[in-house]
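Both backbone and side-chain heavy atoms feed into the values below; hydrogens, waters and symmetry mates do not.
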Amino acid sequence: MRSVVFGWFLLCLFSCGKREAVNNLDVSVPPIVKAIIESIHDPIDSRGLQYNSQISENSYIVKSLFTEQGNLKQKEKYDQKGNMEWREVNSYDKSNNPIKQVLYHYRKVSRKTINRFNELNQLIENTIFDADGKLIEKKLAQFNSQQERTLTFYILKRGVLEKNSASVFNKSGNNTENLFFSDKKLVRQELNKYDNRGNRTESLEIDLNSGMKKLTHFNYNIRNDMTEMITLNASLMIESRITYAYDSGHHLIKHSSYGVAGNHQESKDFLYEFDAAGQWIKQITFEKRKAVSITVRSIEYY
């Protein structure tokens with residue numbers, strides 16, 4: 001009986017959006033997404049041509065609503081019985097900065113976030129409150145004479161807001177340094193480098209207690225898609241390597257990981273189906289050439 005009820009619920013959620021996604025679209029002017037309903041299913045056959053109408057175990061149906069400016073307005077998560085477990089509601093200012101987010105667990109507020117921005121639309125304060133309205137996390141921005149920004153993150157510990165980390169940004173908005181604290185002591189540092197296109201190309205992590213270092217290199221194609229991530233240990237030996245491949249629309253189509261000796265560990269391939277507007281509506285994940293998961297999206301446009 002539960003499968004019948006769930007199937008009816010899923011059909012109701014999907015019906016209007018999918019019809020809007022494929023009919024009466026002027027592809028010369030990219031349509032604006034109004035809503036996306038997404039769910040993950042188990043494949044019935046190895047090629048992923050058919051899938052179980054019941055969502056996969058421990059997954060949700062996720063419904064996202066967007067403004068005409070492309071901002072996420074609301075997100076809802078439904079369980080296998082069709083109950084809405086989580087809801088996220090976002091508010092924006094006239095410059096499209098996210099100024100408020102409220103999270104609900106069932107119908108009760110579980111978390112609230114308030115953001116403040118300056119006239120340059122830079123985040124200068126972020127405050128997070130728990131279900132009882134108590135302040136539990138805070139971020140504050142400071143600027144130096146070169147207008148480089150440092151964002152300091154505080155969390156509530158033993159009734160006191162304690163510095164947990166700090167992030168430094170250059171004038172271009174790139175996160176060049178991260179500092180991590182424990183019991184008010186600096187314990188870890190991360191230094192980042194960027195290319196002239198704003199892509200992070202290198203990240204050096206330093207454990208200040210042990211002196212251990214870890215270096216990660218990031219490579220990109222001419223379209224700024226990250227194609228490779230290589231992590232080196234303190235001896236500059238390869239610890240891990242991950243490669244990525246994309247189609248012409250920047251969709252990830254292959255993900256492969258390799259071990260210390262360069263041995264291949266695992267790969268995942270992704271195959272997509274698209275609607276008339278070019279948005280993907282089905283993603284099939286393959287492992288060892290066998291479909292293991294199918295993500296289905298129904299899209300409604302303004």
Identify, with sequence neighbours excluded, every residue that meets side-chain hydrogen bond (donor to acceptor under 3.5 Å, both in side chains) alongside T113. none
K139 to F153 six-membered ring, cation-pi geometry met (6.0 Å, 45°): yes
Can you list everything that forms a salt bridge (Lys or Arg N to Asp or Glu O under 4.0 Å) with E177? Sequence neighbours excluded, please. none
Can you get from L271 to Y51 by hopping between Ile, Leu, Val, Met, Phe, Trp and Tyr side chains that sit under 4.5 Å apart? yes
Linking I/L/V/M/F/W/Y whenever any side-chain heavy atoms sit under 4.5 Å apart, do I40 and V292 land together? no
Those residues that, when tested against Y194, pass ring pair (Phe, Tyr, Trp, His ring centres under 6.0 Å) (two or more places apart): none
Mind checking salt bridge (Lys or Arg N to Asp or Glu O under 4.0 Å) for K282 and listing every partner two or more places apart, or none if nothing turns up? E273
Could you check N121, N71, T67 and say which one makes a side chain to side chain donor-acceptor pair (under 3.5 Å) with N96? N71
Check salt bridge (Lys or Arg N to Asp or Glu O under 4.0 Å) between R149 and all other residues, then give those that pass, not counting sequence neighbours. none
Hydrogens and angles aside, do E85 and Y60 bring a side-chain donor and acceptor to less than 3.5 Å of each other? yes
Ring pair (Phe, Tyr, Trp, His ring centres under 6.0 Å): which pairs involve residues 228-250, sequence neighbours left out? Y244-H255
How about L72 and Y92: do any of their side-chain heavy atoms sit closer than 4.5 Å? yes
Show the numbers, then the answer: is there a side chain to side chain contact (heavy atoms under 4.5 Å, CB included) between N192 and N178? CA-CA 8 Å; N192 298 314; N178 292 306; 3.8 Å; yes
Quick test of your reading: applying salt bridge (charged side-chain N to carboxylate O under 4.0 Å, His left out), list the pairs with at least one residue in residues 88-113, sequence neighbours left out, ordered by first then second residue. R111-E137
Please, which pairs that meet salt bridge (charged side-chain N to carboxylate O under 4.0 Å, His left out) have at least one residue in residues 236-250, sequence neighbours excluded? E228-R241
Between S267 and S256, a side-chain donor and acceptor under 3.5 Å: yes
Residue pairs passing the salt bridge (charged side-chain N to carboxylate O under 4.0 Å, His left out) test with at least one member in residues 43-54, sequence neighbours excluded, are none
Please name all residues satisfying side-chain contact (heavy atoms from CB on, under 4.5 Å) with E125, sequence neighbours left out, ordered by chain then number. R116, T127, K138, L140
Output all residues satisfying salt bridge (Lys or Arg N to Asp or Glu O under 4.0 Å) with K214, sequence neighbours left out; order by chain, then residue number. none
If a pair satisfies ring pair (Phe, Tyr, Trp, His ring centres under 6.0 Å) and one of its residues is in residues 104-149, list it, with sequence neighbours excluded. W86-H105
